[in-house]
Every structure is written in structure tokens, then in C-alpha cells.
Amino acid sequence: MDTPRKKYIVANWKMNFTTGEASLYLDKLSKRIQPSRKVQVVLAPSTISLQPLSLQINRRQFKLSAQNFYWREYGAYTGEVALSQIRGFVDYAIVGHSERRYVFNESEEDIAQKVAAAIRSNITPILCIGETALDRKEGETAAAIYSQLTSGLHQVSKEDISKVIIAYEPVWAISSNKNAKPAKPIDIIEAERIIRKHIAKLYGKEAAEEISVLYGGSVNKDTAPAYLQLEGIDGLLIGNASLIADQFCAIVEIAKGV
Ligand code: 13P
């Protein structure tokens, strides 16, 4: 590959931090993380914090991501937030996270609609995919990845595939799951190859080489170096460790050094 893809370090704060706490935490991070052309640091706070943090951040240092949104433009959807309401605050949006799929029963069709809606709004969707422990046990890892990619991307054209980021998050490796264990580098590389092979089948070889593929699941500052050195892995999507400044800042530093 001629030009190396940029690294992404994405903090998924999930349902943590009040708006005040988020603001104090951002202040702490901004004193410790210097802007870098090599590493894009993206913070995904709760929806309620997007607007105040968008006024606080230096956009050369951090970008913001939504954790969720609804794909319709506006209307009678009690409790939902539309992209038109957060468009000015975020550059990225996490779509299809396993907690949305399995805790909130989000459907494949909703996920596909969200990916397409984000692209229409000039927001980069970070499409999360990954097999469950049962899929893996039954030898269905590749099938699960194929199926989630095919359905999640089915509204994305060849021109637009470069606007999507894929995050491989095996459900069994996410710290919130019982008996979670971090994925081994070999598991991640296998999945990354399956992902790029399927993207090549759907969109061609060039798209498969260019698309950014991140890993997420129990990442911390001790496991991050091995993951970030994997060829074909373009960054990390981090839950728990992103809530601890020492952990998160160390991971960003590691990414800069790779
Ligand atoms: P953990 O890093 O806490 O395992 O969470 C991963 C995740 O779900 C990021 O989206």
C-alpha cells in the first residue's frame, strides 16, 4: 500500500459521565493529548454531552462521535435523536454496536438505514460487527461477519464505501460481557482478512485495501501495542479504558509511535 491509512483511537464512553464530568474529563485529556496528523482521536460521549463538548473541543485535537441516533429526519419518534439535530456537533457516528443489537434489539434493517443516513449527512459511520461466543463456538465466525457486513452495507454504493469505517468487535471480547476475554492478535487478523475479502467481493479490491478496520474489545494500555502493530488494523474502539485518563492517553501515545 502506498500511503498508510491514518490510525483512529475512538473512545466509546457508553452511558457514563454526567455533562459536567464529561467536560472536566475532556479538559484533562486536552492537556495531555497533542494534535497529530497520524492519529485521529475521536470521543463518543452520551448524546446529552455532544452539544456542550462540541463548543469546548479543539477540533484539531479531537473529533466527536455519536453513540447512537435514529435514521429518520424528524417526526413522531419519542425519545429518539435525529442526525439533523446533532449534525453540527459530530463527525462520526457509531452504528450497530453489539449493545444496541442485543440489549435494544436493533434490527439489521435499522442498522443499514443508519449507515446510509450518516453518509447522507456527511457523518462517517463506524459500523460495528462481530460474532458472539456461540457463533465462534459453532464455527460461524466468518458467516456472522459476512452477514452483518452484507446487511449493514446494503444501501452503500461503490462511490460511498470509502466513507465508512468498520469496527470489528467480537461480542465475547467486550468487557461488559460475562467471561469477556481479550481477543488474541491472531483472531483479529483472521477477522480482518475476512472483512477485507468480503468488502473486495462487494466493492472491489481497491475499496478493500482502503477501508479502515478498527478493533474493539477489552483493549487497555497493555494490550494496545500488539493490536496496533497488526498490519491491516487501523485503530481501536475502546470502552472501559477510555474512561481512565492514564489508560486512554497512554493508548493514544502508543498509536502515535506505531
Ligand atoms: P471495552 O473496551 O470496555 O471492552 O468495550 C469495547 C466496546 O464496546 C467499544 O465500543
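Each ligand, and each atom within it, is numbered from 1 in the order the structure gives. Computed from a predicted structure; not experimentally measured.
Listed by number with element, the atoms of ligand 1 under 4.0 angstrom from any heavy atom of Glu169 are 6 (C), 7 (C), 8 (O), 9 (C), 10 (O). In summary, the atoms of ligand 1 found under 4.0 Å from a heavy atom of Asn240, numbered by their order in the structure, are 1 (P), 2 (O), 3 (O). Shown in contact with Lys14 at under 4.0 Å from a heavy atom are these atoms of ligand 1, numbered in order with element: 5 (O), 6 (C), 7 (C), 8 (O).
Heavy-atom distances between Gly216 and ligand 1 stay at or above 4.0 Å for every pair. Ligand 1 has no atom lying under 4.0 Å from any heavy atom of Ala241.
Ion pairing between Arg196 and Glu192 holds under the 4.0 Å rule for side-chain N and carboxylate O. One finds no salt bridge joining Glu190 and Arg193 here, because no Lys/Arg side-chain nitrogen approaches an Asp/Glu carboxylate oxygen to under 4.0 Å. With respect to the salt-bridge test (charged N to carboxylate O, under 4.0 angstrom), the residues Asp246 and Arg32 qualify. Under the 4.0 Å criterion applied to side-chain N and carboxylate O atoms, Asp110 and Lys114 are not assigned as salt-bridge partners.
With a 4.0 Å heavy-atom cut-off, ligand 1 is reached by the side chain of Asn12 but not by its N, CA, C or O.
Checking Asn68, Leu237, Ile165, Val42 one by one against Ile94, the side chain to side chain contact (heavy atoms under 4.5 Å, CB included) holds for a single residue, Leu237.
Side chain of Thr141 to main chain of Glu131: no donor-acceptor pair is present (N/O by atom type, distance under 3.5 Å, no hydrogens or angles).
Nearest-residue assignment for atom 4 (O) of ligand 1 (options Ser175, Gly130, Ala173, Ala44; heavy-atom criterion): Ser175.
In terms of polar-atom proximity, defined here as any N/O pair under 3.5 Å, Gly239 does make such a contact with ligand 1.
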